Amino acid sequence: MSRELLQKVYDPAQVEAKWYPFWEQRGYFTADNTSTKPRFCIVIPPPNVTGSLHMGHALQHTLHDILVRWKRMSGYNTLWLPGTDHASIAVHYVLDKQLEQQKKTRFDLGREEFLKLAWQWKKTSGGTILNQMRRLGVSVDWTRERFTMDEGLSRAVQEVFIRLYEEGLIYRGEYIVNWCPRCKTAISDLEVVYVPTHGKLWHIKYPLIGSEGHVSVATTRPETMLGDTAVAVHPEDPRYQSLVGGKVLLPVMNREIPVIADSIVDREFGTGVVKVTPAHDAHDYEAGLRHNLRKITVIDESGTMTKEAGAYAGMDRFACRHELVERLAADGFLLKVEDYEHNVGHCDRCSAVVEPKISMQWYLKVESLAKPAIEVVENGKIQFVPDNFKKRYFEWMYNIHDWCISRQLWWGHRIPAWYCDACGQIIVSRTTPQACSKCGGALRAETDILDTWFSSALWPFSTLGWPDDTQDLRVFYPTDVLITGPDIIFFWVARMIMMGLKFMKDVPFRQVHINGIVRDASRKKMSKTRGNVIEPLELVDQYGADAVRFTLSSMAVPGTDIPFSTDRMKGYSAFANKVWNAARFVLMNLDETQSPVSAATVDELLAKKRDQMPLEDLWILHRLNQVSGEISEALDKFRFHDASSLIYQFIWHELCDWYIELVKPVLTSPSAKGEEKERRITVLIHALDSALRILHPFMPYLTEEIWQKVPHNGESIMIQEFPQPRRVREDAAAAQDMQDLMDLIVSVRSSRAELNIDPKKMLDCAVVIPDLRTREHVRQNAEKIKYLARLGRVDFADAVPGGMLKGVWRLGEFGLAIQGVIDYEAERDRLQRELERTRGEIEKILKKINSHEFIARAPESVVEENRARHTELIERMQKLETNLNQLPSAAE
RNA sequence: GGGCGGUUAGCUCAGCGGCAGAGCAUCGGUCUUACACACCGGGGGCCACAGGUUCAAAUCCUGUACCGCCCACCA
């Protein structure tokens with residue numbers, strides 16, 4: 001009797017639920033740091049604990065998992081280390097939003113309460129994320145899971161900070177920073193996004209002191225004029241030479257401010273006179289230093305005007321702008337208002353308009369770290385895939401600025417510094433100091449925390465146990481590949497390279513694979529406000545994890561964005577069903593006592609009984625060989641789309657459409673039995689088993705479910721060997737013969753279909769094949785041709801007998817015996833079309849081979865190829881012409 | 001302003017010097033005892049435009065036009 005029957009339609013939900021716990025409990029995901037096998041290690045780009053995973057994560061996790069499963073099956077000791085990131089400012093934003101609904105701010109709660117809330121949030125969000133990862137089927141080593149604010153990782157962060165500080169690479173100072181008035185913290189240059197904005201350019205009159213007249217000053221941010229401490233002109237601008245050294249009156253504030261000459265001024269722009277506000281503009285700040293100007297802060301940390309703003313103190317910056325402009329107009333100081341489009345900096349997290357502001361912050365000197373980080377990419381120790389992303393990397397690295405690493409936030413790693421207010425001493429220490437080491441005075445702890453990316457930069461080694469010298473660190477560092485998006489090359493990739501080289505004296509990874517961004521079907525970025533977000537888990541619920549994974553993989557062209565389409569999704573869920581049913585069919589026809597088939601058994605069969613094996617067996621083994629090799633090659637180059645397409649085409653259009661169809665009669669015919677049938681089944685089981693293994697990294701659940709039902713040795717498909725090419729299986733001749741056979745069958749089918757011949761009708765057929773070997777080969781496989789092309793008899797003839805419907809294929813001709821009415825008009829049309837196509841091709845190829853240049857310069861193989869093709873086409877054309885001429889002129 | 005990438009079938013995209021491809025959609029025919037989430041067959045392309053290199057160009061070079069991204073950010 002048959003073995004277990006599977007249900008007719010594949011049901012992912014039921015299958016997926018059971019295998020993840022099975023794999024996890026048996027420890028298949030766990031890396032062995034004592035293994036002697038070659039190792040393969042990836043650390044996950046830790047998702048932010050800001051809620052749930054989006055399609056970008058699903059993509060990355062899928063690609064990671066395909067690589068890891070493939071490597072694991074290919075004999076590697078694999079570690080894929082999972083974890084999450086505390087995402088300081090992002091979590092602040094989420095919690096701020098929640099507090100806002102209760103009409104509160106974090107300052108109402110206080111630091112301690114806020115942190116409790118954050119940890120609570122981390123627990124929930126982190127849990128959601130890890131659950132989502134499980135649903136996708138990722139084979140991460142949960143025993144090594146990390147979080148950036150773990151005890152161990154925090155120690156690494158502190159250690160790095162202190163070492164850098166002691167080396168003088170971390171310093172503290174008062175400079176202009178990008179300040180977000182909503183988040184109430186400094187942010188780095190990278191966290192400012194510039195948005196083209198329709199604004200105004202206000203031209204304001206600054207009267208001259210000591211003489212008649214005025215200068216006209218243009219600004220997009222009039223409220224900052226309250227902090228102006230000079231106006232500047234270009235040193236070589238003849239129009240204003242006489243004014244330099246003089247003074248002008250600052251309207252509203254009625255302050256006398258100097259006219260300075262400075263080359264920051266562009267003579268061509270506007271009037272050539274610029275207001276200078278050292279406390280609120282980076283360029284003005286520099287100019288202020290050069291000219292020793294006062295720095296007057298008129299906007300505070302929440303975007304409110306300070307008492308330095310006089311009458312406007314306490315007013316919001318934008319309200320102030322509005323009122324100030326009205327007053328300037330009323331008082332006759334507003335000369336002109338123009339519409340003006342310019343870029344305005346916004347906070348990457350909360351989109352508030354960023355305010356340049358003077359403030360005391362901690363900085364990391366990056367120049368000495370950047371140099372070796374540039375070198376390792378230049379000399380290829382780290383490769384970018386695709387390669388051109390390294391240009392983007394270099395561009396940024398060559399112009400890198402010191403990194404503002406302190407944040408006035410609470411959720412994150414606190415900077416290990418203390419201040420003595422008595423003597424001004426700063427103490428940076430691994431343990432909490434009790435008193436000032438210099439004067440014995442009381443200490444005040446730093447309240448700032450570190451930029452989130454500071455801890456992320458250490459991820460590849462902090463997760464493996466650094467600063468301790470652990471076995472994991474020795475075995476798994478440097479990691480092999482980093483897979484990530486283009487958006488965090490600067491934020492993360494660059495900084496990991498710098499920190500890895502600095503503290504591990506080696507690169508953190510050897511290859512950086514940059515994947516695209518997942519967009520919606522019309523290429524728009526997915527965003528909550530746009531409402532076009534696709535939730536990965538909803539897709540998994542609807543189509544199954546395997547189909548989601550396969551879709552993402554099939555669209556993952558390195559470095560290219562992915563317009564995610566549900567149509568593709570449906571197609572691949574149909575593929576899963578196809579695989580399911582192919583397996584179902586095979587299993588239905590297996591005897592319960594059927595024993596497992598190993599690759600060695602098949603190799604032995606080939607070695608001993610090759611000449612007794614049918615063509616399709618030799619062919620499928622040959623193809624399996626090629627496909628497994630091609631897929632490994634594609635994965636090696638991160639060409640996930642090629643790999644997916646190869647396995648899809650192979651399983652559907654070779655294994656199912658041809659091979660299983662050909663084995664079908666053997667399986668279902670009651671007369672087939674004995675040794676021959678046994679051999680056929682051996683190859684069939686092996687082909688299915690191999691296809692499942694190749695597919696496993698892409699569709700782990702489906703393949704495990706099926707594999708468990710196929711006769712097998714071993715516990716799980718995920719720890720079986722990935723099929724490696726084997727020399728015994730190579731058989732190009734069989735592959736060609738099979739191809740010829742398929743061509744003939746397709747030609748016959750095509751003739752029938754185009755003439756609307758009842759598919760059930762078994763037609764008699766006569767074939768004409770001049771080549772002896774081919775004729776013999778077709779004769780041997782005649783039964784298959786009959787079966788697949790629905791033919792009654794296949795006779796061999798020297799010429800196609802009259803009265804038959806004639807057809808042409810590459811190696812000969814055939815005739816179909818059609819009783820009843822033939823639609824000669826339809827046939828004439830068909831032949832005419834084909835003839836024209838053939839003539840067109842002949843023309844093209846003639847142009848080539850008639851050219852002396854071509855014959856003389858093209859490689860011989862190419863010339864040969866074209867000549868052979870020409871001959872073939874001519875023959876075909878002649879046959880077609882003959883057939884056309886022999887058609888009766890009108891229907892009979 | 002500087003840089004990078006794209007423009008190929010109705011749609012979404014592969015291909016990146018030697019016969020123009022896939023998936024979906026479409027049209028015709030089939031419920032053939034694995035699968036109608038299927039099977040069989042068909043149609044559909046001046047590979048953005050203009051030059052150039054080459055025996056040979058979708059593929060390499062130059063320019064143009066659109067589209068997208070990154071960096072800079074002079075009021």
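Predicted, not measured: the structure shown is a model, and the values here were computed from it. So that the names make sense, note that chain A is the first sequence line, chain B the second, and so on, each numbered from 1.
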Heavy atoms from C-beta onward define the side chain here; which of [options] lies closest to that of [X]?
X: A:Phe854; options: B:rA14, B:rC74, B:rG18; value: B:rG18
X: A:Arg857; options: B:rU54, B:rG41, B:rG23; value: B:rU54
X: A:Phe269; options: B:rC69, B:rC19, B:rC74; value: B:rC74
X: A:His641; options: B:rA72, B:rA14, B:rG18; value: B:rA14
X: A:Arg568; options: B:rG23, B:rG18, B:rG15; value: B:rG23

Separation between the [atom1] atoms of [N] and [M], rounded to whole Å:
N: B:rU64; M: B:rG28; atom1: C1'; answer: 44 Å
N: B:rC60; M: B:rC40; atom1: P; answer: 36 Å
N: B:rC49; M: B:rG6; atom1: C1'; answer: 15 Å
N: B:rG2; M: B:rG45; atom1: P; answer: 40 Å
N: B:rA25; M: B:rC66; atom1: C1'; answer: 27 Å
N: B:rC24; M: B:rG63; atom1: P; answer: 41 Å

- Would you say A:Ser747's side chain and A:Asp743's backbone share a donor-acceptor pair under 3.5 angstrom? yes
- Message: Surrounding NE2 of A:His198 (heavy atoms of other residues, nucleotides or ligands, distance under 6.0 Å), is the total greater than 12?
- Response: no
Can you check whether [X] has a side-chain N or O nearer than 4.0 Å to OP1 or OP2 of [N]?
X: A:Thr560; N: B:rA14; result: yes
X: A:His653; N: B:rG23; result: yes
X: A:Arg221; N: B:rC74; result: no
X: A:Arg639; N: B:rG15; result: yes
X: A:His283; N: B:rC74; result: yes

Round to the nearest Å and state the distance from [X] atom [atom1] to [N] atom [atom2].
X: A:Lys848; N: B:rC55; atom1: NZ; atom2: C1'; value: 9 Å
X: A:Arg833; N: B:rG42; atom1: CZ; atom2: C1'; value: 8 Å
X: A:Glu395; N: B:rA72; atom1: CD; atom2: C1'; value: 9 Å
X: A:Leu831; N: B:rG42; atom1: CG; atom2: C1'; value: 15 Å
X: A:Glu841; N: B:rG18; atom1: CD; atom2: P; value: 17 Å
X: A:Leu250; N: B:rA75; atom1: CG; atom2: C1'; value: 15 Å
X: A:Phe491; N: B:rC71; atom1: CZ; atom2: C1'; value: 13 Å
X: A:Asn343; N: B:rC70; atom1: CG; atom2: P; value: 12 Å

Describe the nucleic acid contact of [X] in one word from base, sugar-phosphate, nothing, applying a heavy-atom distance below 4.0 Å.
X: A:Phe490; result: sugar-phosphate
X: A:Gln649; result: sugar-phosphate
X: A:Asn388; result: sugar-phosphate
X: A:Arg830; result: nothing
X: A:Pro486; result: nothing
X: A:Asp567; result: sugar-phosphate
X: A:Val557; result: sugar-phosphate
X: A:Tyr340; result: sugar-phosphate

- Message: With heavy-atom distances below 4.5 Å as the criterion, would you say the side chains of A:Ser644 and A:Phe698 are in contact?
- Response: yes
- Would you say the side chain of A:Val248 lies within less than 4.5 Å of the side chain of A:His214, judging by non-hydrogen atoms? no
Just say parallel, tilted or perpendicular for the rings of [X] and [Y], cut-offs at 30° and 60°.
X: A:Phe490; Y: A:Trp396; result: parallel
X: A:Phe269; Y: A:Tyr340; result: perpendicular
X: A:Phe575; Y: A:Phe550; result: tilted

- Is any side-chain N or O of A:Arg392 under 3.5 Å from a base N or O of B:rC70, one able to act as donor and the other as acceptor? no
- Message: Return whichever of A:Asn866 or A:Asp281 has its heavy-atom-nearest nucleotide of RNA chain B closer to the 5' end.
- Response: A:Asn866
- Note on the structure: Comparing nearest nucleotides in RNA chain B, the 5'-proximal residue of the pair A:Lys275, A:Met555 is A:Met555
- Task: Spell out protein contact along nucleotides 32-38 of chain B as letters: B when the base is contacted, S when just the sugar-phosphate is, - when no protein heavy atom is under 4.0 Å; keep the 5' to 3' order.
- Result: --BBSBS
- Can you name the one residue among A:His283, A:His234, A:Arg290 that meets side chain to side chain donor-acceptor pair (under 3.5 Å) with A:Asp262? A:Arg290
- Note on the structure: The side chain to side chain donor-acceptor pair (under 3.5 Å) partner of A:Thr277 among A:Thr219, A:Thr229, A:Asp228 is A:Asp228
- Query: Measuring from A:Ile260:CD1 to A:His291:NE2, what's the distance to the nearest 0.5 Å?
  - Reply: 4.0 Å
- Would A:Arg321 count as a cation-pi partner of A:Trp202, with NZ or CZ less than 6.0 Å from the six-membered ring centre and within 45° of the ring normal? no
- Message: Cation-pi check for A:Tyr648 against A:Lys578: NZ or CZ below 6.0 Å from the six-membered ring centre and within 45 degrees of the axis, yes or no?
- Response: no
- Query: Once Watson-Crick and G-U wobble pairs under 3.5 Å are found, how is RNA chain B written in dot-bracket notation, 5' to 3', with | for any base paired to another strand?
  - Reply: ((((((((.[[[[.)..(..]]]].(((((.......))))).....[[[[[..)....]]]]])))))))....
- Query: Do A:Glu836 and A:Arg839 sit within salt-bridge range, that is, some charged N less than 4.0 Å from a carboxylate O?
  - Reply: no
